[in-house]
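First up is the structure itself, then whatever we jot down about it.
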Number of protein chains: 2
Amino acid sequence: MNNMLNDEAIYKKILKSIVEHQLPPGARLPEDKLSEAFGRSRTSIRKVLQRLALERIVTIEPNKGAHVNRPSEQEAQEILDSRIMLEPLLIPEIMKYWSKANSKYFRAMLKEEKQAEANEDQAALIQLTAQFHYELAALSDNSVMADFIQQLCYRSSLIIAVFGSRHSVSCDCGDHLELIDLMDNKQDEKAQDWMKHHLIHIKSSLKLGVSDGQKINFQQLFANTE
Amino acid sequence: MNNMLNDEAIYKKILKSIVEHQLPPGARLPEDKLSEAFGRSRTSIRKVLQRLALERIVTIEPNKGAHVNRPSEQEAQEILDSRIMLEPLLIPEIMKYWSKANSKYFRAMLKEEKQAEANEDQAALIQLTAQFHYELAALSDNSVMADFIQQLCYRSSLIIAVFGSRHSVSCDCGDHLELIDLMDNKQDEKAQDWMKHHLIHIKSSLKLGVSDGQKINFQQLFANTE
DNA sequence: CTAATCAACATTGTATACAATCAACAAAAC
DNA sequence: GTTTTGTTGATTGTATACAATGTTGATTAG
């Protein structure tokens with residue numbers, strides 16, 4: 001079993017479960033249940049939950065505890081817009097140090113993506129898609145920016161859980177390969193453009209502005225069922 | 001006295017003291033002393049310190065406690081580079097909703113800056129300079145970006161404490177007014193350029209790459225003192 | 001039968017007690 | 001005299017106890 005994990009390990013386990021949609025947005029995260037599951041006191045769990053709350057992965061309401069964050073439509077737009085602004089900007093920085101080894105590493109990752117797609121392993125697919133983006137960002141020589149991008153990628157996974165269509169994740173799976181090709185061929189501007197349009201495409205695949213989520217018209221919904 | 005402040009208030013008080021260099025980089029932040037000062041248990045203090053640690057304002061070393069973060073030269077460069085990238089990008093977003101009221105508000109803030117400069121109130125000056133930048137960013141319609149900029153501004157205050165020359169803060173004090181003028185006159189591109197060069201100027205005023213900080217040559221330093 | 005009130009339970013918030021770790025100083029060995 | 005080792009004191013790490021709050025379900029009045 002999970003005997004005696006340290007705080008960091010607990011953090012990663014919970015984060016992974018959230019990113020992979022095993023714990024969906026809105027899910028309660030009761031301290032004592034988690035405390036029991038990890039074999040640690042509530043104190044340690046609280047610490048982890050507070051960290052996740054600051055990273056906007058979970059929300060903590062006073063006296064109501066922690067829930068997996070359910071991003072609002074506005075939050076979703078802001079996060080995607082930020083990524084559309086930032087990730088293309090980092091491409092030139094990344095290409096300054098782009099090497100054969102890098103290319104090989106990312107191509108291997110894309111093989112895993114294909115594999116996950118073939119296995120219909122949705123969890124792995126979501127995780128790998130995010131990983132592709134933030135490991136790329138990590139190759140820039142600016143870890144401050146890279147950390148921020150990583151956070152945005154994790155939060156994007158929540159967005160997909162709430163607003164994503166079936167296609168949101170899978171349809172761009174072959175696409176990532178195109179970027180690596182462009183980078184191998186030193187096509188700076190094209191790579192930058194590609195990244196921008198890739199993210200715009202993801203944003204437009206989200207079901208934003210379709211409904212207000214809460215305001216469901218039950219009358220209409222169950223109109224002709226009898 | 002400070003009877004019964006909530007966590008948020010404690011957080012703000014400590015953050016303010018750090019930003020204003022009352023608590024300089026490297027300063028120890030012992031839990032029990034703070035606990036005594038604020039009249040709360042160590043639990044509350046720990047929560048605040050952990051938050052500040054995630055925001056990179058303080059560092060927590062296991063079994064050694066919390067210290068005000070002393071940014072490395074690399075961290076300083078990364079943060080300034082990030083600001084040089086991002087803040088100009090937000091200018092067009094800000095100008096979309098720029099109003100007379102905004103202009104008035106910021107002009108008032110600049111009066112305070114001038115006042116602080118006249119009084120040689122270094123603490124207020126640092127705080128107001130940072131505030132100018134992050135309140136401007138907050139006018140964009142992207143709070144995700146705005147929050148990130150705010151964090152970078154706070155961290156910049158630490159950078160100035162470590163690498164800043166006397167001029168770092170004060171010399172750009174009149175400058176901010178130029179930006180407001182440009183924005184009032186709808187000079188988008190010039191405002192963007194101005195912001196970029198303003199930040200580059202701040203970066204270049206830092207004493208980066210001068211010494212390694214630690215490796216002091218005492219032989220050379222005290223060569224001809226006798 | 002519906003609505004409101006109250007009681008019991010479950011969950012989080014806070015403080016404190018105890019264990020573990022580290023730092024500094026003193027004493028002893030080389 | 002220098003280095004090593006050991007002991008003491010201070011500080012952080014963790015768990016738990018108790019208080020405060022929220023939620024649920026039952027009981028009673030309308």
Side-chain angles (χ1 to χ4, degrees), chain A residues 1-15 17-18 22-70 158 214 218, chain B residues 1-15 17-18 22-70 158 213-214 218-219:
Chain A
M1 289 295 279
N2 292 327
N3 278 329
M4 274 303 133
L5 298 163
N6 62 17
D7 296 345
E8 184 70 14
I10 294 175
Y11 163 79
K12 282 185 179 158
K13 281 220 166 207
I14 295 178
L15 177 60
S17 296
I18 293 175
Q22 258 114 43
L23 290 169
R28 290 198 55 212
L29 301 168
E31 293 176 355
D32 55 351
K33 297 292 193 315
L34 291 170
S35 143
E36 202 180 324
F38 287 107
R40 302 289 303 272
S41 78
R42 276 178 50 213
T43 312
S44 314
I45 302 298
R46 284 177 77 80
K47 191 167 139 189
V48 170
L49 290 177
Q50 274 158 13
R51 174 170 174 190
L52 288 166
L54 284 176
E55 293 170 347
R56 313 297 183 112
I57 307 298
V58 315
T59 57
I60 295 179
E61 285 179 286
N63 290 314
K64 288 199 175 180
H67 294 248
V68 177
N69 185 27
R70 189 199 305 278
L158 293 179
Q214 256 59 338
F218 289 100
Chain B
M1 289 295 277
N2 292 326
N3 279 330
M4 274 302 132
L5 298 163
N6 62 16
D7 295 346
E8 184 69 15
I10 294 174
Y11 164 79
K12 282 185 179 158
K13 281 219 166 209
I14 296 178
L15 177 60
S17 296
I18 294 175
Q22 258 116 41
L23 290 169
R28 292 197 54 212
L29 301 169
E31 294 176 355
D32 56 351
K33 297 291 193 316
L34 291 170
S35 144
E36 203 180 325
F38 287 108
R40 301 290 302 272
S41 78
R42 273 178 54 215
T43 312
S44 313
I45 302 298
R46 283 178 78 80
K47 191 167 138 188
V48 170
L49 291 176
Q50 275 159 11
R51 173 170 174 189
L52 288 165
L54 284 176
E55 292 169 349
R56 314 295 184 112
I57 307 298
V58 315
T59 57
I60 295 180
E61 284 179 285
N63 290 314
K64 289 197 173 181
H67 294 249
V68 177
N69 184 28
R70 190 199 306 277
L158 293 179
Q214 258 58 339
F218 290 100
Q219 189 108 26

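Not measured: the values here are computed from a predicted model. Each chain gets a letter, A, B and so on, in the order its sequence line appears, and its residues count up from 1.
Residue B:Asp7 contributes atom CG, which lies 13 Å from atom C1' of C:dT12 at whole-angstrom precision. Following rounding to the nearest Å, B:Ile60 (CD1) and D:dT12 (P) show an atom-to-atom distance of 10 Å. A straight line from CZ of A:Arg42 to C1' of C:dT11 spans 8 Å, rounded to a whole angstrom. Atom C1' of nucleotide C:dT21 and atom CD of B:Glu61 are separated by 14 Å, given to the nearest angstrom. Atoms NE2 (A:His67) and C1' (D:dT23) sit 12 Å apart, rounded to a whole Å. In this entry the distance linking CD1 of B:Ile45 with C1' of C:dT14 reads 12 Å, nearest Å.
In terms of the side-chain hydrogen bond (donor to acceptor under 3.5 Å, both in side chains) criterion, residue partners of B:Asp7 (sequence neighbours excluded) are, by chain and number, B:Lys47. Looking at residues two or more places apart in sequence or on another chain, you find a side-chain contact (heavy atoms from CB on, under 4.5 Å) between A:Thr43 and A:Ser41. Partners of B:Glu8 by salt bridge (charged side-chain N to carboxylate O under 4.0 Å, His left out), not counting sequence neighbours, listed by chain and number: B:Arg51. Take B:Thr59 and apply the side-chain hydrogen bond (donor to acceptor under 3.5 Å, both in side chains) test, not counting sequence neighbours, and it matches no residue. A search for side-chain contact (heavy atoms from CB on, under 4.5 Å) contacts involving B:Pro30 returns B:Arg28, B:Asp32, B:Lys33, not counting sequence neighbours. Applying the side-chain hydrogen bond (donor to acceptor under 3.5 Å, both in side chains) criterion to B:Glu31, with sequence neighbours excluded, gives B:Arg42, B:Arg46.
In this structure, A:Arg40 reaches the D:dT14 phosphate: one of its side-chain N or O atoms is under 4.0 Å from OP1 or OP2. Within the structure, a side-chain polar atom (N or O) of A:Arg46 is placed less than 4.0 Å from OP1 or OP2 of C:dG13. For A:Thr43, no side-chain nitrogen or oxygen approaches OP1 or OP2 of D:dT14 to under 4.0 Å. Between B:Ser44 and C:dA15 there is a side-chain N or O to OP1 or OP2 distance below 4.0 Å.
Listed by residue number, the members of residues 22-33 of chain A with any heavy atom below 4.0 angstrom from DNA chain D form an empty set. Contacts of residues 49-58 of chain A with DNA chain D (heavy atom under 4.0 Å): none.
In this structure, CG in A:Asn63 is found 10.5 Å from CD in A:Glu61, a value given to the nearest 0.5 Å.
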Detail all sub-3.5 Å separations between protein N/O atoms and N/O atoms belonging to nucleotides 22-25 of chain C.
| residue | atom | partner | partner atom | Å |
| --- | --- | --- | --- | --- |
| C:dA23 | OP1 | B:Lys64 | NZ | 3.2 |

| request: Before giving the answer on side chain to side chain contact (heavy atoms under 4.5 Å, CB included), spell out for A:Leu52 and A:Glu55 the whole-Å C-alpha distance, their side-chain angles and the decisive distance to 0.1 Å. | output: CA-CA 5 Å; A:Leu52 288 166; A:Glu55 293 170 347; 4.1 Å; yes

Report task. Using the side chain to side chain contact (heavy atoms under 4.5 Å, CB included) rule, take B:Ile57 and B:Asn69 through it: C-alpha gap first, then chi angles, then the decisive distance, then the call. Result -> CA-CA 6 Å; B:Ile57 307 298; B:Asn69 184 28; 5.9 Å; no

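Side chains of B:Ile14 and B:Val58 form no contact here, defined as non-hydrogen atoms less than 4.5 Å apart.
When the options B:Leu49, B:Ile45, B:Val48 are evaluated for a side chain to side chain contact (heavy atoms under 4.5 Å, CB included) with B:Leu29, the one that passes is B:Leu49.
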